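Quick notes on the structure that follows.
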Amino acid sequence: MLFNVSIDASSSPDDHYWAHLRWARLKSIGSLLRNVRIRVGSARQVFDESCVRDLVTWNSLINGYVHCGQGLEALKLYEEMKMEGVRPDEVTMIGLVASCAQLEDLNQGREFHCFIEDHGLDLTVPLCNALTDMYVKCGDLKAAESMFHNIKKKTTVSWTTMVVGYAKFGLLDKARELFDDIPDKDAVPWNAMIGAYVQAQCGKEALDLFHEMQGTNVRPDEVTMVNCLSACSQLGALDVGIWIHHYVKKENLSLNAALGTALVDMYAKCGNIGKSLEVFHEMPVKNSLTWTAVIGGLALHGNANDALAYFSMMIDVGLEPDEVTFLGVLAACCHGGLVDEGRKYFAQMTSEYRLTPKAKHYSCMVDLLGRAGQLQEAEAIIRSMPMEPDAVVWGALFFACRMHGNVMMGEKAAWKLLELDPDDSGIYVLLANMYGDAEMWDEARKVRKMMKNRGVEKTPGCSSIEIDGVVNEFTIRDKSHPESEVIYTCLVQLTKQLELVESDFGQEFSFNIYAFGIL
DNA sequence: CCGATTTAGC
(Lines give C-alpha, C1' and ligand atoms only; values in the text may rest on other atoms or scores of the structure.)
Protein backbone atom coordinates (compact mmCIF):
# COMPACT_ATOMS: atom_id res chain seq x y z
CA MET A 1 0.00 0.00 0.00
CA LEU A 2 1.27 3.36 -1.00
CA PHE A 3 0.16 5.15 2.13
CA ASN A 4 1.90 2.74 4.43
CA VAL A 5 5.18 4.43 3.60
CA SER A 6 6.48 5.50 6.95
CA ILE A 7 9.35 7.89 7.32
CA ASP A 8 11.35 8.46 10.45
CA ALA A 9 11.59 12.21 10.90
CA SER A 10 15.27 11.95 11.77
CA SER A 11 16.38 10.06 8.65
CA SER A 12 16.58 11.71 5.26
CA PRO A 13 14.01 10.56 2.72
CA ASP A 14 15.40 8.22 0.03
CA ASP A 15 14.62 8.13 -3.70
CA HIS A 16 12.09 5.37 -3.24
CA TYR A 17 10.17 7.64 -0.90
CA TRP A 18 10.28 10.62 -3.24
CA ALA A 19 9.02 8.46 -6.11
CA HIS A 20 6.01 7.52 -4.02
CA LEU A 21 5.51 11.11 -3.03
CA ARG A 22 5.53 12.41 -6.62
CA TRP A 23 2.97 9.82 -7.54
CA ALA A 24 0.90 10.52 -4.49
CA ARG A 25 0.68 14.26 -4.93
CA LEU A 26 -1.26 13.76 -8.11
CA LYS A 27 -3.90 12.04 -6.08
CA SER A 28 -4.49 14.02 -2.93
CA ILE A 29 -2.21 15.84 -0.61
CA GLY A 30 -4.95 15.51 1.98
CA SER A 31 -4.70 11.74 2.25
CA LEU A 32 -0.94 12.00 2.07
CA LEU A 33 -0.87 14.12 5.18
CA ARG A 34 -3.22 11.88 7.04
CA ASN A 35 -1.66 8.58 6.06
CA VAL A 36 2.04 9.12 5.76
CA ARG A 37 3.97 10.14 8.80
CA ILE A 38 6.34 12.68 7.38
CA ARG A 39 7.60 15.99 8.48
CA VAL A 40 5.08 18.66 7.69
CA GLY A 41 7.95 20.47 6.02
CA SER A 42 8.08 17.80 3.33
CA ALA A 43 4.35 18.08 2.85
CA ARG A 44 4.81 21.80 2.47
CA GLN A 45 7.46 21.23 -0.20
CA VAL A 46 5.09 19.02 -2.14
CA PHE A 47 2.35 21.59 -1.66
CA ASP A 48 4.52 24.39 -3.03
CA GLU A 49 5.40 22.36 -6.13
CA SER A 50 1.87 21.16 -6.61
CA CYS A 51 -0.42 22.32 -9.34
CA VAL A 52 -3.61 21.17 -7.66
CA ARG A 53 -4.35 23.63 -4.89
CA ASP A 54 -8.00 23.42 -4.10
CA LEU A 55 -9.73 24.15 -0.80
CA VAL A 56 -9.19 20.58 0.42
CA THR A 57 -5.46 20.89 -0.18
CA TRP A 58 -5.23 24.13 1.79
CA ASN A 59 -7.30 22.69 4.62
CA SER A 60 -5.15 19.57 4.78
CA LEU A 61 -1.94 21.51 5.08
CA ILE A 62 -3.39 23.90 7.66
CA ASN A 63 -4.60 20.99 9.76
CA GLY A 64 -1.27 19.25 9.20
CA TYR A 65 0.50 22.19 10.81
CA VAL A 66 -1.95 22.24 13.71
CA HIS A 67 -1.36 18.55 14.25
CA CYS A 68 2.39 19.10 14.47
CA GLY A 69 1.90 21.85 17.02
CA GLN A 70 2.80 24.58 14.56
CA GLY A 71 -0.20 26.81 14.97
CA LEU A 72 1.68 29.89 13.89
CA GLU A 73 2.54 28.30 10.53
CA ALA A 74 -1.12 27.38 10.09
CA LEU A 75 -2.18 31.00 10.58
CA LYS A 76 0.50 32.21 8.16
CA LEU A 77 -0.74 29.74 5.58
CA TYR A 78 -4.23 31.14 5.96
CA GLU A 79 -2.88 34.58 5.03
CA GLU A 80 -1.43 33.09 1.83
CA MET A 81 -4.67 31.33 1.15
CA LYS A 82 -6.58 34.60 1.38
CA MET A 83 -4.13 36.27 -1.01
CA GLU A 84 -4.77 33.56 -3.56
CA GLY A 85 -8.48 34.31 -3.21
CA VAL A 86 -9.50 30.91 -1.82
CA ARG A 87 -12.53 31.23 0.47
CA PRO A 88 -12.32 29.33 3.78
CA ASP A 89 -15.04 26.91 4.87
CA GLU A 90 -15.99 25.28 8.19
CA VAL A 91 -13.10 22.83 8.00
CA THR A 92 -10.59 25.63 7.50
CA MET A 93 -12.03 27.35 10.55
CA ILE A 94 -11.58 24.25 12.73
CA GLY A 95 -7.85 24.33 11.98
CA LEU A 96 -7.57 28.07 12.52
CA VAL A 97 -9.52 28.06 15.77
CA ALA A 98 -7.41 25.11 16.97
CA SER A 99 -4.29 27.14 16.14
CA CYS A 100 -5.52 29.97 18.35
CA ALA A 101 -6.15 27.43 21.11
CA GLN A 102 -2.57 26.20 20.75
CA LEU A 103 -1.14 29.70 20.77
CA GLU A 104 -3.52 30.76 23.56
CA ASP A 105 -4.39 33.77 21.42
CA LEU A 106 -7.83 34.75 22.67
CA ASN A 107 -8.17 37.87 20.51
CA GLN A 108 -7.36 36.05 17.31
CA GLY A 109 -9.73 33.26 18.34
CA ARG A 110 -12.55 35.72 18.98
CA GLU A 111 -11.91 37.26 15.56
CA PHE A 112 -12.37 33.90 13.87
CA HIS A 113 -15.52 33.31 15.89
CA CYS A 114 -16.91 36.63 14.61
CA PHE A 115 -15.78 35.81 11.07
CA ILE A 116 -17.67 32.50 11.24
CA GLU A 117 -20.88 34.21 12.37
CA ASP A 118 -20.54 37.17 9.98
CA HIS A 119 -20.04 34.93 6.99
CA GLY A 120 -22.82 32.58 7.99
CA LEU A 121 -20.53 29.56 8.03
CA ASP A 122 -22.17 26.38 9.26
CA LEU A 123 -21.62 25.93 13.01
CA THR A 124 -21.10 22.19 12.81
CA VAL A 125 -20.60 20.28 16.05
CA PRO A 126 -16.85 19.78 15.43
CA LEU A 127 -16.47 23.52 14.82
CA CYS A 128 -18.39 24.31 18.03
CA ASN A 129 -16.20 21.84 19.89
CA ALA A 130 -13.10 23.51 18.50
CA LEU A 131 -14.43 26.92 19.60
CA THR A 132 -15.26 25.62 23.08
CA ASP A 133 -11.76 24.16 23.35
CA MET A 134 -10.25 27.43 22.14
CA TYR A 135 -12.06 29.41 24.85
CA VAL A 136 -10.98 26.87 27.47
CA LYS A 137 -7.33 26.95 26.43
CA CYS A 138 -7.34 30.74 26.17
CA GLY A 139 -8.76 31.06 29.66
CA ASP A 140 -12.27 32.35 28.94
CA LEU A 141 -14.41 29.87 30.85
CA LYS A 142 -17.60 31.92 30.52
CA ALA A 143 -17.36 31.99 26.73
CA ALA A 144 -16.55 28.26 26.68
CA GLU A 145 -19.62 27.49 28.80
CA SER A 146 -21.98 29.49 26.62
CA MET A 147 -20.53 27.89 23.48
CA PHE A 148 -20.95 24.45 25.04
CA HIS A 149 -24.56 25.10 26.09
CA ASN A 150 -25.46 26.22 22.60
CA ILE A 151 -24.47 22.90 21.07
CA LYS A 152 -27.75 21.15 20.32
CA LYS A 153 -26.42 17.64 19.69
CA LYS A 154 -23.50 17.36 22.10
CA THR A 155 -21.05 14.57 21.39
CA THR A 156 -18.51 12.88 23.67
CA VAL A 157 -15.99 15.37 22.35
CA SER A 158 -18.14 18.32 23.45
CA TRP A 159 -18.61 16.90 26.94
CA THR A 160 -14.95 16.01 27.34
CA THR A 161 -13.85 19.47 26.24
CA MET A 162 -16.00 21.04 28.95
CA VAL A 163 -14.86 18.56 31.61
CA VAL A 164 -11.27 19.55 30.84
CA GLY A 165 -12.34 23.19 30.94
CA TYR A 166 -13.77 22.97 34.45
CA ALA A 167 -10.76 20.99 35.63
CA LYS A 168 -8.39 23.58 34.21
CA PHE A 169 -10.08 26.23 36.33
CA GLY A 170 -9.82 24.10 39.46
CA LEU A 171 -13.53 23.25 39.48
CA LEU A 172 -12.92 19.54 39.96
CA ASP A 173 -16.33 18.79 41.45
CA LYS A 174 -18.10 20.50 38.59
CA ALA A 175 -15.91 18.58 36.13
CA ARG A 176 -16.77 15.33 37.86
CA GLU A 177 -20.51 16.07 37.85
CA LEU A 178 -20.40 16.70 34.13
CA PHE A 179 -18.25 13.62 33.59
CA ASP A 180 -20.75 11.43 35.44
CA ASP A 181 -23.49 12.71 33.10
CA ILE A 182 -21.67 11.77 29.89
CA PRO A 183 -23.53 8.95 28.14
CA ASP A 184 -21.60 6.17 26.33
CA LYS A 185 -18.15 7.19 27.44
CA ASP A 186 -15.14 5.93 25.48
CA ALA A 187 -11.61 5.95 26.92
CA VAL A 188 -10.99 9.65 26.20
CA PRO A 189 -13.36 11.19 28.80
CA TRP A 190 -12.14 8.66 31.39
CA ASN A 191 -8.57 9.66 30.62
CA ALA A 192 -9.47 13.34 30.77
CA MET A 193 -11.06 13.01 34.21
CA ILE A 194 -8.26 10.80 35.59
CA GLY A 195 -5.77 13.29 34.16
CA ALA A 196 -7.64 16.16 35.81
CA TYR A 197 -7.19 14.50 39.21
CA VAL A 198 -3.50 13.93 38.53
CA GLN A 199 -3.04 17.55 37.46
CA ALA A 200 -4.69 18.66 40.71
CA GLN A 201 -2.28 16.45 42.70
CA CYS A 202 -5.13 14.15 43.67
CA GLY A 203 -3.38 10.88 42.94
CA LYS A 204 -5.68 8.83 45.11
CA GLU A 205 -8.84 10.07 43.39
CA ALA A 206 -7.19 9.36 40.03
CA LEU A 207 -6.49 5.73 40.95
CA ASP A 208 -9.99 5.35 42.44
CA LEU A 209 -11.50 6.50 39.17
CA PHE A 210 -9.26 4.12 37.23
CA HIS A 211 -10.58 1.36 39.45
CA GLU A 212 -14.11 2.42 38.57
CA MET A 213 -13.19 2.43 34.88
CA GLN A 214 -12.10 -1.19 35.17
CA GLY A 215 -15.65 -2.04 36.22
CA THR A 216 -16.92 -0.86 32.83
CA ASN A 217 -16.24 -2.41 29.46
CA VAL A 218 -14.10 0.51 28.30
CA ARG A 219 -10.58 -0.71 27.63
CA PRO A 220 -7.82 1.41 29.18
CA ASP A 221 -5.26 2.62 26.64
CA GLU A 222 -1.77 4.12 26.73
CA VAL A 223 -3.02 7.50 27.90
CA THR A 224 -4.88 5.88 30.81
CA MET A 225 -1.69 4.15 31.85
CA VAL A 226 0.39 7.33 31.60
CA ASN A 227 -2.06 9.16 33.86
CA CYS A 228 -2.19 6.32 36.39
CA LEU A 229 1.60 6.03 36.49
CA SER A 230 1.76 9.75 37.12
CA ALA A 231 -0.62 9.23 40.05
CA CYS A 232 1.65 6.45 41.36
CA SER A 233 4.67 8.76 41.16
CA GLN A 234 2.78 11.33 43.23
CA LEU A 235 1.77 8.78 45.85
CA GLY A 236 4.96 6.74 45.86
CA ALA A 237 2.69 3.78 45.15
CA LEU A 238 5.25 1.32 43.82
CA ASP A 239 2.99 -1.74 44.05
CA VAL A 240 0.27 -0.19 41.89
CA GLY A 241 2.98 1.04 39.51
CA ILE A 242 4.40 -2.46 39.10
CA TRP A 243 0.89 -3.79 38.52
CA ILE A 244 0.38 -1.22 35.75
CA HIS A 245 3.71 -2.18 34.18
CA HIS A 246 2.57 -5.81 34.06
CA TYR A 247 -0.79 -4.74 32.67
CA VAL A 248 0.91 -2.75 29.89
CA LYS A 249 2.88 -5.84 28.87
CA LYS A 250 -0.09 -8.21 29.16
CA GLU A 251 -2.37 -5.99 27.09
CA ASN A 252 0.35 -5.36 24.51
CA LEU A 253 0.05 -1.61 24.86
CA SER A 254 2.74 0.18 22.91
CA LEU A 255 5.71 1.41 24.90
CA ASN A 256 5.72 4.82 23.26
CA ALA A 257 7.82 7.74 24.47
CA ALA A 258 5.17 9.11 26.86
CA LEU A 259 4.33 5.73 28.41
CA GLY A 260 7.99 4.76 28.77
CA THR A 261 8.79 8.14 30.30
CA ALA A 262 5.96 7.76 32.80
CA LEU A 263 7.34 4.31 33.77
CA VAL A 264 10.89 5.64 34.11
CA ASP A 265 9.60 8.46 36.30
CA MET A 266 7.37 6.20 38.39
CA TYR A 267 10.17 3.72 39.20
CA ALA A 268 12.58 6.53 40.04
CA LYS A 269 10.13 8.42 42.26
CA CYS A 270 8.99 5.24 43.98
CA GLY A 271 12.56 4.38 44.89
CA ASN A 272 13.63 1.78 42.33
CA ILE A 273 16.25 3.59 40.25
CA GLY A 274 17.63 0.29 38.89
CA LYS A 275 14.30 -0.66 37.35
CA SER A 276 13.91 2.92 36.11
CA LEU A 277 17.18 2.65 34.18
CA GLU A 278 16.21 -0.80 32.90
CA VAL A 279 12.97 0.54 31.38
CA PHE A 280 14.85 3.55 30.03
CA HIS A 281 17.30 1.34 28.11
CA GLU A 282 14.53 -0.93 26.84
CA MET A 283 12.57 1.95 25.36
CA PRO A 284 12.62 1.89 21.53
CA VAL A 285 11.81 5.61 21.21
CA LYS A 286 13.08 8.19 23.67
CA ASN A 287 12.50 11.91 23.50
CA SER A 288 13.99 14.77 25.48
CA LEU A 289 11.37 14.33 28.21
CA THR A 290 12.50 10.73 28.68
CA TRP A 291 16.09 11.85 29.17
CA THR A 292 14.92 14.62 31.48
CA ALA A 293 13.01 12.08 33.59
CA VAL A 294 16.00 9.76 33.93
CA ILE A 295 18.37 12.65 34.77
CA GLY A 296 15.92 13.92 37.41
CA GLY A 297 15.56 10.37 38.75
CA LEU A 298 19.31 9.91 39.12
CA ALA A 299 19.58 13.32 40.80
CA LEU A 300 16.79 12.36 43.19
CA HIS A 301 18.76 9.27 44.16
CA GLY A 302 21.88 11.32 44.80
CA ASN A 303 23.61 9.79 41.81
CA ALA A 304 25.19 13.04 40.64
CA ASN A 305 27.86 11.70 38.32
CA ASP A 306 25.48 9.39 36.46
CA ALA A 307 22.97 12.20 36.10
CA LEU A 308 25.62 14.37 34.46
CA ALA A 309 26.80 11.47 32.30
CA TYR A 310 23.25 10.93 31.01
CA PHE A 311 22.95 14.64 30.35
CA SER A 312 26.04 14.53 28.20
CA MET A 313 24.71 11.45 26.35
CA MET A 314 21.45 13.27 25.75
CA ILE A 315 23.35 16.11 24.08
CA ASP A 316 25.39 13.60 22.07
CA VAL A 317 22.29 11.97 20.58
CA GLY A 318 21.18 15.44 19.50
CA LEU A 319 18.23 16.10 21.77
CA GLU A 320 17.47 19.57 23.11
CA PRO A 321 17.41 20.02 26.87
CA ASP A 322 14.74 22.33 28.29
CA GLU A 323 14.55 24.21 31.59
CA VAL A 324 13.27 21.10 33.37
CA THR A 325 16.31 19.13 32.19
CA PHE A 326 18.53 21.79 33.71
CA LEU A 327 16.66 21.61 37.00
CA GLY A 328 17.64 17.93 37.14
CA VAL A 329 21.23 18.74 36.21
CA LEU A 330 21.49 21.50 38.84
CA ALA A 331 19.83 19.29 41.46
CA ALA A 332 22.43 16.62 40.70
CA CYS A 333 25.25 19.13 41.18
CA CYS A 334 23.61 20.24 44.40
CA HIS A 335 23.44 16.70 45.79
CA GLY A 336 26.97 15.89 44.73
CA GLY A 337 28.40 19.15 46.00
CA LEU A 338 29.69 19.82 42.47
CA VAL A 339 29.94 23.59 42.76
CA ASP A 340 32.10 24.29 39.69
CA GLU A 341 29.95 22.09 37.47
CA GLY A 342 26.81 23.76 38.81
CA ARG A 343 28.16 27.19 37.92
CA LYS A 344 29.15 25.91 34.48
CA TYR A 345 25.73 24.41 33.65
CA PHE A 346 23.87 27.41 35.01
CA ALA A 347 25.85 29.66 32.68
CA GLN A 348 25.55 27.20 29.77
CA MET A 349 21.81 27.16 30.11
CA THR A 350 21.53 30.74 28.89
CA SER A 351 24.60 31.04 26.70
CA GLU A 352 24.38 27.78 24.75
CA TYR A 353 20.78 26.65 24.97
CA ARG A 354 19.04 30.03 25.02
CA LEU A 355 16.90 29.09 27.99
CA THR A 356 15.71 31.57 30.61
CA PRO A 357 16.36 30.44 34.20
CA LYS A 358 13.22 30.42 36.30
CA ALA A 359 12.91 31.05 40.05
CA LYS A 360 13.48 27.34 40.67
CA HIS A 361 16.87 27.45 38.91
CA TYR A 362 17.93 30.39 41.05
CA SER A 363 16.88 28.66 44.26
CA CYS A 364 18.77 25.57 43.17
CA MET A 365 21.92 27.66 42.61
CA VAL A 366 21.50 29.43 45.96
CA ASP A 367 21.14 26.02 47.61
CA LEU A 368 24.20 24.66 45.81
CA LEU A 369 26.44 27.64 46.56
CA GLY A 370 25.05 28.04 50.08
CA ARG A 371 25.67 24.44 51.07
CA ALA A 372 29.22 24.77 49.79
CA GLY A 373 29.70 27.81 52.03
CA GLN A 374 29.83 30.33 49.19
CA LEU A 375 27.37 32.59 50.97
CA GLN A 376 28.44 35.86 49.34
CA GLU A 377 28.09 34.35 45.87
CA ALA A 378 24.71 32.87 46.82
CA GLU A 379 23.52 36.30 47.92
CA ALA A 380 24.84 37.80 44.68
CA ILE A 381 22.78 35.27 42.73
CA ILE A 382 19.66 36.44 44.55
CA ARG A 383 20.47 40.07 43.76
CA SER A 384 20.90 39.15 40.09
CA MET A 385 17.43 37.62 39.83
CA PRO A 386 15.26 39.40 37.26
CA MET A 387 12.12 38.38 39.16
CA GLU A 388 11.15 38.98 42.79
CA PRO A 389 12.96 36.35 44.93
CA ASP A 390 10.39 33.98 46.41
CA ALA A 391 10.26 32.28 49.79
CA VAL A 392 12.09 29.23 48.45
CA VAL A 393 15.14 31.28 47.46
CA TRP A 394 15.36 33.01 50.84
CA GLY A 395 14.71 29.67 52.52
CA ALA A 396 17.70 28.13 50.75
CA LEU A 397 19.91 31.04 51.83
CA PHE A 398 18.61 30.88 55.40
CA PHE A 399 19.33 27.16 55.54
CA ALA A 400 22.86 27.75 54.27
CA CYS A 401 23.45 30.50 56.82
CA ARG A 402 22.36 28.26 59.67
CA MET A 403 24.57 25.52 58.34
CA HIS A 404 27.63 27.77 58.22
CA GLY A 405 26.81 29.88 61.27
CA ASN A 406 26.42 33.19 59.48
CA VAL A 407 23.96 34.88 61.82
CA MET A 408 24.04 38.28 60.13
CA MET A 409 23.05 37.05 56.70
CA GLY A 410 20.75 34.39 58.12
CA GLU A 411 18.86 37.04 60.01
CA LYS A 412 18.38 39.03 56.81
CA ALA A 413 17.11 35.98 54.93
CA ALA A 414 14.76 35.01 57.76
CA TRP A 415 13.22 38.47 57.92
CA LYS A 416 12.62 38.35 54.18
CA LEU A 417 10.97 34.97 54.71
CA LEU A 418 8.74 36.37 57.45
CA GLU A 419 7.74 39.24 55.17
CA LEU A 420 6.69 36.76 52.49
CA ASP A 421 5.02 34.27 54.81
CA PRO A 422 4.28 35.72 58.28
CA ASP A 423 2.05 32.78 59.22
CA ASP A 424 4.70 30.08 58.82
CA SER A 425 5.50 29.05 62.38
CA GLY A 426 8.55 27.09 61.24
CA ILE A 427 10.47 30.21 60.29
CA TYR A 428 10.00 31.83 63.73
CA VAL A 429 11.14 28.64 65.42
CA LEU A 430 14.21 28.24 63.22
CA LEU A 431 15.15 31.91 63.56
CA ALA A 432 14.79 31.74 67.35
CA ASN A 433 16.90 28.58 67.35
CA MET A 434 19.55 30.28 65.26
CA TYR A 435 19.75 33.14 67.75
CA GLY A 436 19.86 30.57 70.53
CA ASP A 437 22.77 28.73 68.90
CA ALA A 438 24.62 32.04 68.70
CA GLU A 439 23.75 32.70 72.36
CA MET A 440 21.82 35.83 71.35
CA TRP A 441 19.14 35.27 73.97
CA ASP A 442 17.48 38.69 73.74
CA GLU A 443 16.89 38.32 70.03
CA ALA A 444 15.63 34.77 70.49
CA ARG A 445 13.13 35.97 73.08
CA LYS A 446 12.02 38.80 70.81
CA VAL A 447 11.22 36.39 67.98
CA ARG A 448 9.22 34.08 70.22
CA LYS A 449 7.29 37.06 71.59
CA MET A 450 6.56 38.31 68.12
CA MET A 451 5.26 34.90 67.11
CA LYS A 452 2.96 34.92 70.13
CA ASN A 453 1.76 38.48 69.46
CA ARG A 454 0.97 37.70 65.87
CA GLY A 455 -0.97 34.67 67.03
CA VAL A 456 0.94 32.25 64.80
CA GLU A 457 -0.05 28.68 65.59
CA LYS A 458 2.60 26.02 65.63
CA THR A 459 1.64 23.40 63.11
CA PRO A 460 2.52 19.98 64.48
CA GLY A 461 4.95 17.98 62.36
CA CYS A 462 3.20 15.11 60.66
CA SER A 463 4.25 12.23 58.44
CA SER A 464 2.64 9.14 57.07
CA ILE A 465 3.61 5.77 55.66
CA GLU A 466 1.56 3.22 53.77
CA ILE A 467 2.01 -0.39 54.84
CA ASP A 468 -0.13 -3.17 53.36
CA GLY A 469 -2.58 -0.62 52.03
CA VAL A 470 -3.09 1.03 55.43
CA VAL A 471 -2.00 4.63 55.84
CA ASN A 472 -0.29 5.17 59.23
CA GLU A 473 -0.11 8.78 60.30
CA PHE A 474 2.26 10.17 62.94
CA THR A 475 2.40 13.57 64.57
CA ILE A 476 5.27 14.88 66.67
CA ARG A 477 5.91 12.79 69.86
CA ASP A 478 2.91 10.67 68.90
CA LYS A 479 2.53 7.61 71.15
CA SER A 480 -0.91 6.51 70.00
CA HIS A 481 0.24 3.74 67.64
CA PRO A 482 -0.13 0.28 69.25
CA GLU A 483 3.49 -0.52 68.39
CA SER A 484 4.73 2.88 69.44
CA GLU A 485 7.49 1.55 71.69
CA VAL A 486 9.11 -0.56 68.97
CA ILE A 487 8.87 2.32 66.51
CA TYR A 488 10.68 4.71 68.84
CA THR A 489 13.39 2.17 69.67
CA CYS A 490 13.92 1.78 65.94
CA LEU A 491 14.05 5.57 65.47
CA VAL A 492 16.69 5.98 68.15
CA GLN A 493 18.84 3.34 66.44
CA LEU A 494 18.36 4.97 63.06
CA THR A 495 19.38 8.32 64.49
CA LYS A 496 22.55 6.85 65.96
CA GLN A 497 23.48 5.40 62.59
CA LEU A 498 22.76 8.70 60.88
CA GLU A 499 25.02 10.51 63.34
CA LEU A 500 27.77 8.10 62.38
CA VAL A 501 27.50 8.87 58.66
CA GLU A 502 26.90 12.56 59.26
CA SER A 503 30.59 13.33 59.21
CA ASP A 504 30.82 11.86 55.70
CA PHE A 505 27.75 13.51 54.21
CA GLY A 506 27.49 16.86 55.94
CA GLN A 507 24.62 17.96 58.11
CA GLU A 508 21.78 17.22 55.74
CA PHE A 509 20.52 14.08 57.45
CA SER A 510 20.48 15.37 60.99
CA PHE A 511 18.75 18.52 59.81
CA ASN A 512 15.94 16.43 58.37
CA ILE A 513 15.49 14.51 61.58
CA TYR A 514 15.29 17.70 63.63
CA ALA A 515 13.02 19.37 61.12
CA PHE A 516 10.51 16.57 61.44
CA GLY A 517 10.59 16.91 65.18
CA ILE A 518 11.26 13.26 65.84
CA LEU A 519 13.94 13.99 68.42
C1' DC B 1 -13.17 18.57 17.02
C1' DC B 2 -11.69 16.05 23.22
C1' DG B 3 -7.48 12.88 26.78
C1' DA B 4 -0.78 11.71 27.84
C1' DT B 5 5.15 11.92 29.65
C1' DT B 6 9.84 15.63 32.56
C1' DT B 7 10.02 20.55 37.47
C1' DA B 8 14.46 21.76 43.85
C1' DG B 9 14.00 20.62 48.75
C1' DC B 10 11.36 21.63 52.79
Side-chain angles (χ1 to χ4, degrees), chain A residues 63 66-67 90-91 93-95 97-98 101 124-134 136-137 148 151 154-165 167 179 182 185-196 198-199 220-230 233 256-266 268-269 283 285-297 299-300 321-335 358-368 371 391-393 395-396 398-399 424 426-427 430 461 508 511-512 515-516:
Chain A
N63 284 310
V66 178
H67 219 248
E90 296 80 19
V91 181
M93 284 302 141
I94 291 176
V97 169
T124 60
V125 178
L127 182 52
C128 290
N129 293 341
L131 282 164
T132 310
D133 184 52
M134 181 276 291
V136 164
K137 296 226 166 81
F148 173 73
I151 305 174
K154 297 182 182 64
T155 61
T156 308
V157 180
S158 328
W159 294 91
T160 307
T161 307
M162 208 55 227
V163 165
V164 172
F179 168 82
I182 306 178
K185 293 187 268 279
D186 61 12
V188 179
W190 284 98
N191 295 343
M193 194 64 229
I194 294 172
V198 172
Q199 224 63 58
D221 64 6
E222 285 84 1
V223 180
T224 322
M225 297 297 107
V226 168
N227 282 327
C228 290
L229 286 167
S230 219
S233 302
N256 61 24
L259 184 47
T261 304
L263 277 168
V264 167
D265 182 58
M266 182 279 292
K269 292 234 179 74
M283 282 174 65
V285 195
K286 305 177 185 71
N287 60 22
S288 57
L289 273 68
T290 318
W291 286 89
T292 297
V294 83
I295 290 165
L300 187 74
D322 65 4
E323 46 276 302
V324 184
T325 319
F326 274 97
L327 266 183
V329 169
L330 293 177
C333 295
C334 199
H335 280 148
K358 298 219 175 95
K360 285 180 178 184
H361 299 93
Y362 285 99
S363 46
C364 214
M365 280 310 287
V366 170
D367 197 9
L368 169 64
R371 275 177 207 271
V392 189
V393 178
F398 180 51
F399 169 70
D424 187 339
I427 304 163
L430 290 171
E508 200 175 338
F511 175 81
N512 284 340
F516 283 108

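Here the structure is a predicted model, which is why all the values come from computation and not from measurement. So that the names make sense, note that chain A is the first sequence line, chain B the second, and so on, each numbered from 1.
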Can you tell me if the side-chain N/O atoms of S363(A) get under 4.0 Å from OP1 or OP2 in dC10(B)? no

In terms of heavy-atom contacts, does NZ of K185(A) have more than 12 from other residues, nucleotides or ligands at under 6.0 Å? yes

Tell me: CG of N63(A) to C1' of dC1(B), nearest whole Å? 10 Å

Interatomic distance, F399(A) CZ vs dC10(B) P [rounded to whole Å]: 7 Å

Check the distance between dA4(B)'s C1' and L259(A)'s CG and give it to me in whole angstrom. 9 Å

Taking any heavy-atom pair under 4.0 Å as a contact, classify S230(A): base, sugar-phosphate, or nothing. sugar-phosphate

Test item: side-chain donor near acceptor, D265(A) and S233(A), under 3.5 Å: yes

To the nearest angstrom, how far is L300(A) atom CG from dG9(B) atom P? 7 Å

Options dT6(B), dA4(B), dT7(B), nucleotide nearest the side-chain atoms of L327(A): dT7(B)

Side chain of A331(A) only, heavy atoms from C-beta on: which candidate in dG9(B), dC2(B), dT6(B) is closest? dG9(B)

So, is H335(A) near the phosphate of dG9(B), with a side-chain N or O under 4.0 Å from OP1 or OP2? yes

Determine whether a donor-acceptor pair (one donor, one acceptor, N or O, separation below 3.5 Å) exists between the side chain of T161(A) and the base of dC2(B). no

For the side chain of V226(A), starting at C-beta, report the closest nucleotide among dC1(B), dT6(B), dA4(B). dA4(B)

For atom CG of N256(A) and atom P of dA4(B), their distance in whole Å: 14 Å

May I ask you to say what A257(A) touches in the nucleic acid, namely base, sugar-phosphate or nothing, with a heavy-atom cut-off under 4.0 Å? base

At 4.0 Å (heavy atoms only), tell me whether I94(A) reaches a base, stays on the sugar-phosphate, or touches nothing. sugar-phosphate

For the side chain of R371(A), starting at C-beta, report the closest nucleotide among dC10(B), dT6(B), dC1(B). dC10(B)

With the side chain defined as heavy atoms from C-beta on, D367(A) is closest, among dC1(B), dT6(B), dG9(B), to dG9(B)

Can you sort out the partners of K137(A) under salt bridge (Lys or Arg N to Asp or Glu O under 4.0 Å), two or more places apart, ordered by chain and number? D133(A)

Identify which nucleotide among dC2(B), dT7(B), dA4(B) has an atom closest to any side-chain atom of A258(A), counting heavy atoms from C-beta outward. dA4(B)

Tell me: NZ of K286(A) to C1' of dA4(B), nearest whole Å? 19 Å

Spacing of Y362(A) atom OH relative to dT7(B) atom C1', expressed in whole Å: 17 Å

Separation of N287(A) atom CG from dT5(B) atom P, in whole Å? 12 Å

Tell me whether the side-chain N/O atoms of K269(A) come closer than 4.0 Å to OP1 or OP2 in dT7(B). yes

Tell me if the aromatic rings of W190(A) and F179(A) count as close, with their centers under 6.0 Å from one another. yes

Verify the distance criterion only: is there a donor paired with an acceptor across the side chains of S230(A) and N227(A) at less than 3.5 Å? no

Quick one: are P321(A) and T292(A) in side-chain contact, heavy atoms under 4.5 Å? no

Measure distances between side-chain N and O atoms of D221(A) and base N and O atoms of dA4(B), and say whether any donor-acceptor pair falls under 3.5 Å. no

Have a look at K154(A) and say if it touches a base, only the backbone sugar-phosphate, or nothing, with a 4.0 Å heavy-atom cut-off. nothing

